[in-house]
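To start, the structure under review is shown below, and the notes come after it.
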Amino acid sequence: MFSPAIRKPHLLHRKDREEASPSPPPAAPAHSPSPRGFAISDRPATGTPVPWTSSSLLARISTSKRTDRAGESEQIQPVHVAEFPQIVRNAQASLLQKNFSGKNMFAGGIDKETSLAWMICGNELFIWNYSASSAKDCLVLDVPSSLIGYKDVKSLPGIQWTVCIMRWHSSGASTRNSGDILYRKSSTGVILYNKRTQAVAYWPDIYAEFNKSLVLSSPGGGEVSASDGASDCFRFNSIIAATVPGGTHECIAIASEPTGALWLFQCSPEGIRRKKVHGDTFVDGGADHSQKSNGGRSLAWLPNYVSSEGSDRKFFLLTNNEVQCWSISLLHDIDIKKLGSQEIVGTDGDVSIKKDIAGQKNVWLLDMQIDEHGKEFSILVATFCKDRVSGSNYTQYSLLTMLYKPNQKFSYEDNAVKVERFLEKKAPSQVIIPKARVEDEEFLFSMRLKTGGKPSGSVIILSGDGTATVAIYWRGSTRLYQFDLPWDAGKVLDASVIPSADDRDEGAWVVITEKAGVWAIPEKAVLVGGIEPPERSLSRKGSCNEAVAEEKRRTQVFSAGVVPRRVSSEAWSAGERQRPALTGIAQQAVVDEESEMLLNRLFHDFIISGAVYEALQKLRAAGAFDKEGEMNIFVRMSKSIVNTLAKHWTTTREAEFLASTIVSSLVEKQQKHEKFLQFLVLSKCHEELASKQRAAMLTIMEHGEKLSGMIQLRELHNTLIQQRSSTHLSPQLKTQTTGALWNLIQLVGEKARRNTVLLMDRDNAEVFYSRISEIEDLFYCLSHQLQYIISREEHPSVQMQRALELGNACITLVHAALHYRKEHKEWYSSPEGLITWNSHPVVRSGIWSLAAFVMELLGESVAADMSMKFNLWSQLEGLTDVLLEAYIGLFTAKFERGDEHGVLVQEYCERRDELLGSLYNVAKQIVEAKYQESRDGTDNLDLKESIFREVISPILATAKRHEGYQTLWQICSDLNDSVLLRSLMHDSVGPHGGFSFFVFKELVIRRHYSKLLRLGEEFQEELASFLKDRSDLLWLQEICLNQFSSASETLHTYALHGSPDEDASVTTSRKPLSFAERRHLLYLSKIAATAGNDIDYEAKVARIEADLRILKLQEEIVQHDPEYAQAKYTSTLIDPSKLIEMCLKRDQELSLKAFEVFASTNSSFRTSNRCLLEACWINATNQDDWVKLSEASMSEGWSDEVIQESLQGTVLFKASRLCYSPDSVVLYDGTFEDVLPVKKEDVHLRGLESKCLSVEGVLMQHKDFPDAGKLMMTAVIMGKELSYTAAEPVEMDS
């Protein structure tokens, strides 16, 4: 199909090649038996080779012809993924030998979710994992004769068998097959349907060791549908199945008939229940086949996570003209109901396919698929048309894509479902083939559609006669790629998608054939090798107008400079590889091809002659230094050297020969890479790269690191194999497949094979040891698939042994790479700002996953063998060192680049503390075990301490190097070694105070203040810096150091400003300071100031005493004010201005205390609050009835003595004596005269006219001043001039 005529020049070239090369062995005669047990007669000269007649060695000959860069997808040919298992080929040969007639000898398929392939040969069902590099385990299930049905029924188009596979414990796309790769079979159920007889067989668990029970079900007399058993149509044309949540090996299946009937099958180990849930759309038994085919076409599930109904699932039925939406409840009594339907073929072309247009005779909806996200419905459509010009009939194939509306609500009217639109057109129908030959309905209805493969948006169409066509709309046009086999190779049975290893939605297309095994179709084969739709069919039949088609092919012009090209099996025959045409698209994908070819030639000449021949100048002229990073041609050259695939690794010889082949191949790569480095140096390309493209040079050197690590890893693998073979184990356990490292190699190789289709025909181990530059995949698998390598169901000792093996592998690999880096350090460019491969996130994540698992094992295995525990502990120590060093390298590079790395630092600290903590905890167990073995029955603490120091010495070194202060503190505490503690404090001087600050903080938390002060004697600067913002402790150190003046300042500050928020960085568990505590601190501050005896100590003492008075005043003031008598004011200091305002609102006693507050503050406070002071004088005046006092003095004729005695009782007098008396005991810092003089003339004398009033001026503003102003001023002046000894003392609180 889509095959070009064989051109004569190609045959001539092929003949020349055959004459120049040794002739292949002659083909066996047609009558002679083939090596596989059967022969193929009349084999055509062209087409696909016969893979089942070739040994596994010969099967790779064509593969070895590929370039060493096969992983770069340069090839546009299908890839032979795997042959059938030997037992399947034997069954096929047996059928051929029995002269089994008919074109439907074999039935087969591929299950996408499980990657299991199945095939029915005769009365046997074979199931195996096709994606495994070698299909070792093939399960054989006997098909009961009751399922085979009528023997005299003639063969029909299509296959009468359908198999549904259920994985009972499903998982993500990237890990669902990992257990099978390692030959750990997950519980899997299988349903086998005979679509013609409606018979069903169910195996609840095909991998059960002892009970592979089989459940059968055949239709009863009343269950047979309108078509009888010997008719030419199938009773079931589409079947879907799903597991029942919460059930044990329970599932349901739904089948549709061409007549439109739906059947429900409930399968469990106890039996199969079947019932018809929807009647026939056409029940007339005499209806013809065409009419009966107007019912159900295909069924499809809506993905689980799209439906929001919990236990309910939705499925869709495609009929002749509409899509029906159904719902099934999977809880208790399973119930199915129809939710709605939407017309696909109708009169509205905007929402559906418009029918009855000119030239259109009929429209068939052939198949439907739903994507994995449940968003797009793809429907394959065939339209029967008539050309109105020529009058010829033709069929147009198209693909209709509809978008699903998940939140659509369905309504019901009169117990009938109302038709709702739950689909809408994404775009107009995509025409696949505009004019194809006319096919009969049987062929059309045999077509199947598959979606989800690469390239993104492509579909594959399977025809009933065994072809598979990939279609994609790409760059403005539809392109087709048809996978076709010669007739003797059999048909394509099914197609699927290779599960991606990285949880990506799409993988490459894969097809299973009748006789030629399993093949994959690379993405590039479709994009580059595809053609625009010709006037052909989707079958193997020719065109309806070959002459017109041939003329059209000769004159057809493709856009974008794409040369017309046809791809078929002839393009990838064994004897010849067709040269791919260089299209405009392909030219864009080639990177610096000329310079790359020049570099290859120059390096090849250097290997032969050792001369460089002005290589630097030639490469400069060719632009070899223009690209950077991975696109640099020197990097690509280095990568091709280390990633070269070896020739013929798969062999029938012993494992020892294979192991030696792998090692020799790796050594050859290392030697060639060393030669390449020498070439770079001698040609001075190294100097150019090291100075201008440092990242490229680092990548080249890292290839050498990884290669060195891989060689050491292979040697470790060989050692493990030899150790297992030398121990007394069963033959099965002696194989290398029992090791954890082998399992890891299988997973890494499988990941590479799935992501690069061209590697599918290679063994997993072969791929792993070849893809050196992708060594990070090893750590990716450790991070994501460790649970499949080490099963938690295994015995703890087995888990520890497997973890030990993996840890040893990681450490060996990284240490070998680092050793290479050290040995070749002069080859590296300047490392500033460059991140090495061992610091990449995937590497760190893999090592951490393994280390976390080891910590979990060590924490659980209390009664484990101590020697095994010690070995595992040592491996954890190595993993810790590797991981933490990777973080340090990453931090260095990010710091040099100026990148933010705060989140990484936090991650590093958390993991460091967890690793060191686990190491130390296990170390103490090891110490105890060693001590019990060494002591002679008596306690010997010196011996125990000696063992302890020996065991923890590596942990101590790691903790010291990586600032693991918690571990260092625990070690010193357990040893009670102050000498070690002080030594570490001197050595570990890191950011934020280093280990010294950590020790100080721990002592503060534990309230060991005496130890803290003793350390402060030796670490004076460190402790002073630590306590800089911690006044509650800083004064203690200052007292110990005889710094009394500093201690006084610290105590004074802490007493006035200390709060819990200030010292939140240190967990002191202190409550807010109470008044009593503050007073106590102030007294201590006064004592310290006196002891310091500085020049200004008297001023310090005066300030402290003033603060003591203010503290005392606050206690008294808040007691008189209910509004402020709250808990927070019993400990929190109130600003003096707020205290004064509180006094102004209350009685006579508090009005006088406002002046006491003013007297205890400094002069600057008085100056800045002059208005508040004036308000205090007005308030003091208001406390006495001055008018009444004046009238009494005048009416009663008071003498001066009586007036003086009366005025001494007024608040004005007391305030004046408090503020202005020369012997006032409460006044601090300056005088009130500087702020508010008593008389107006004093203001002029002091030159303060523009700044303030006087007390007299303030009193003049009082309403009573005109009547009693003389008395007021007399009281004020008398208070100023009268000493405390001349009158009764005013009651003061001091």
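FYI, the numbering just counts along the sequence from 1.
Using a 4.5 Å heavy-atom threshold, the side chains of I700 and H673 count as touching. Within the 4.5 Å cutoff, side-chain heavy atoms of R792 are placed close to those of Q799. In this structure, the side chains of Q875 and V854 stay at 4.5 Å or more apart for every pair of heavy atoms. Between I110 and K450, the closest side-chain pair of non-hydrogen atoms is not below 4.5 Å.
By the 30° and 60° cut-offs, the orientation of the rings of H784 relative to Y780 is parallel.
A distance of 3.5 Å separates CG in D777 from NZ in K751, rounded to the nearest 0.5 Å. With rounding to the nearest 0.5 Å, the separation of CD1 in I87 from CG in L139 is 9.5 Å.
R754 and E750 are joined by a salt bridge, as a carboxylate oxygen and a charged side-chain nitrogen come within less than 4.0 angstrom of each other. Using a 4.0 Å cut-off between a side-chain N of Lys or Arg and a carboxylate O of Asp or Glu, K639 and E774 qualify as a salt bridge. Ion pairing between a basic and an acidic side chain is recognised when a charged N comes within 4.0 Å of a carboxylate O; E776 and K706 show such pairing.
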- Task: Go through N129 and S115 one step at a time and tell me if the side chain to side chain donor-acceptor pair (under 3.5 Å) criterion holds.
- Result: CA-CA 6 Å; N129 187 346; S115 295; 4.9 Å; no

- Please lay out, stage by stage, how W509 and S458 fare under the test side chain to side chain contact (heavy atoms under 4.5 Å, CB included). CA-CA 10 Å; W509 289 111; S458 64; 3.0 Å; yes

- Could you check K627 against E596 for salt bridge (charged side-chain N to carboxylate O under 4.0 Å, His left out), going step by step and ending with a plain yes or no? CA-CA 11 Å; K627 300 292 182 180; E596 192 169 354; over 6 Å; no

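Between H717 and Y769, the closest heavy-atom pair is ND1-OH, 3.0 Å.
Not counting sequence neighbours, F853 has no partner by the ring-ring contact (aromatic ring centres under 6.0 Å, His included) test. Taking the ring-ring contact (aromatic ring centres under 6.0 Å, His included) definition, one finds that Y908 meets it with Y887, F891, sequence neighbours left out. Remark: T451 engages no residue in a side chain to side chain donor-acceptor pair (under 3.5 Å) (not counting sequence neighbours).
If you run side chain to side chain contact (heavy atoms under 4.5 Å, CB included) between F84 and each of W128, F126, Y130, only W128 comes through.
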